[in-house]
Amino acid sequence: DAGITQSPRHKVTETGTPVTLRCHQTENHRYMYWYRQDPGHGLRLIHYSYGVKDTDKGEVSDGYSVSRSKTEDFLLTLESATSSQTSVYFCAIGGAGNSGNTIYFGEGSWLTVV
Amino acid sequence: AQSVAQPEDQVNVAEGNPLTVKCTYSVSGNPYLFWYVQYPNRGLQFLLKYITGDNLVKGSYGFEAEFNKSQTSFHLKKPSALVSDSALYFCAVRDEDDYKLSFGAGTTVTVRA
């Protein structure tokens, strides 16, 4: 395992409520990512971080925000959840340094918005 | 911009037969290429990668992939498939100057006994 813990692993929430997903790593990687997985689309990048307080948008960032106050934690927030945000969310780390360019994934967070 | 195409949604093979999962890519600079496998309700597991050097790379569980620059392809292969190889396979690419991976839509492999 790559030392990545996602929480919660499963969540059901109502439309319009805020939701925060947490990613915790024990590998001290500089780079962290949030992806969503949907059938027919593979994985799409939501946001990524290249250091504490340094974040940037991915290809599907609308409706999402992130924060990284510590190297080990990367939070993904849905400010007002919509049904289109029902998905599986994966946190990932790596891409440089001691990962040898490889990005490693967590076990996923299944989110259902009803 | 970078992108990946996996032209087959599904691949079905008999156990013991060769397995090939196709991938083509587009990237502006030099490509870094990856294959991942996903089992049901699990995260993605890294299989192998091409960064530089020998065009044939070997990875976990007997898988290998061949980088073909002229055809912009990176097909995944296994000489003799196992039932346990049944899973969802993703090809991914990034530019050497970027850290963000772009993924294909995935190919579901079913190996029948």
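In the text below, chain A, chain B and the rest are named by the order of the sequence lines, each starting its count at 1.
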Step-by-step side chain to side chain contact (heavy atoms under 4.5 Å, CB included) determination, A:E107 to B:N41: CA-CA 8 Å; A:E107 288 293 294; B:N41 301 315; over 6 Å; no
Under 3.5 Å donor-acceptor, A:Y33 side chain and B:Y99 backbone: yes
Distance, nearest 0.5 Å, that separates CZ of B:F34 from CD1 of A:I103: 6.5 Å
CD on B:E96 to CG on A:N101, rounded to 0.5 Å: 10.0 Å
A:Q37/B:L88 under side chain to side chain contact (heavy atoms under 4.5 Å, CB included): CA gap, chis, key distance, verdict: CA-CA 12 Å; A:Q37 181 180 11; B:L88 181 58; 3.8 Å; yes
B:Y36 side chain near A:F105 side chain, heavy-atom distance below 4.5 Å: yes
Joint cluster assignment, A:Y64 & B:L101, ILVMFWY side-chain distance < 4.5 Å: yes
Among the listed options A:P39, A:G42, A:G58, the residue most often paired with chain B at heavy-atom distances under 4.5 Å: A:G42
hydrophobic_cluster_shared for A:L21 and A:L75, side chain cutoff 4.5 Å: no
Co-membership, hydrophobic cluster, residues A:V60 and A:M32, 4.5 Å side-chain: yes
Nearest heavy atoms of A:G40 and B:A105, plus distance in Å: O-CB, 3.6 Å
Distance (rounded to the nearest 0.5 Å) between B:K100 NZ and A:E59 CD: 10.5 Å
A:Y35/B:F103 aromatic ring centres below 6.0 Å: yes
Cluster check B:V27, A:Y48: I/L/V/M/F/W/Y, side chain < 4.5 angstrom: no
Residue B:Y61 excluded, over 12 heavy atoms near OH under 6.0 Å: no
OG1 on A:T102 to CG on B:L48, rounded to 0.5 Å: 10.0 Å
Engaged part of B:Q38 at the chain A interface, taking heavy atoms whose separation is under 4.5 Å: side chain
Note, B:L44 side chain near A:L43 side chain (heavy atom, < 4.5 Å): yes
ILVMFWY network linking B:F90 to B:Y50, side-chain heavy atoms under 4.5 angstrom: no
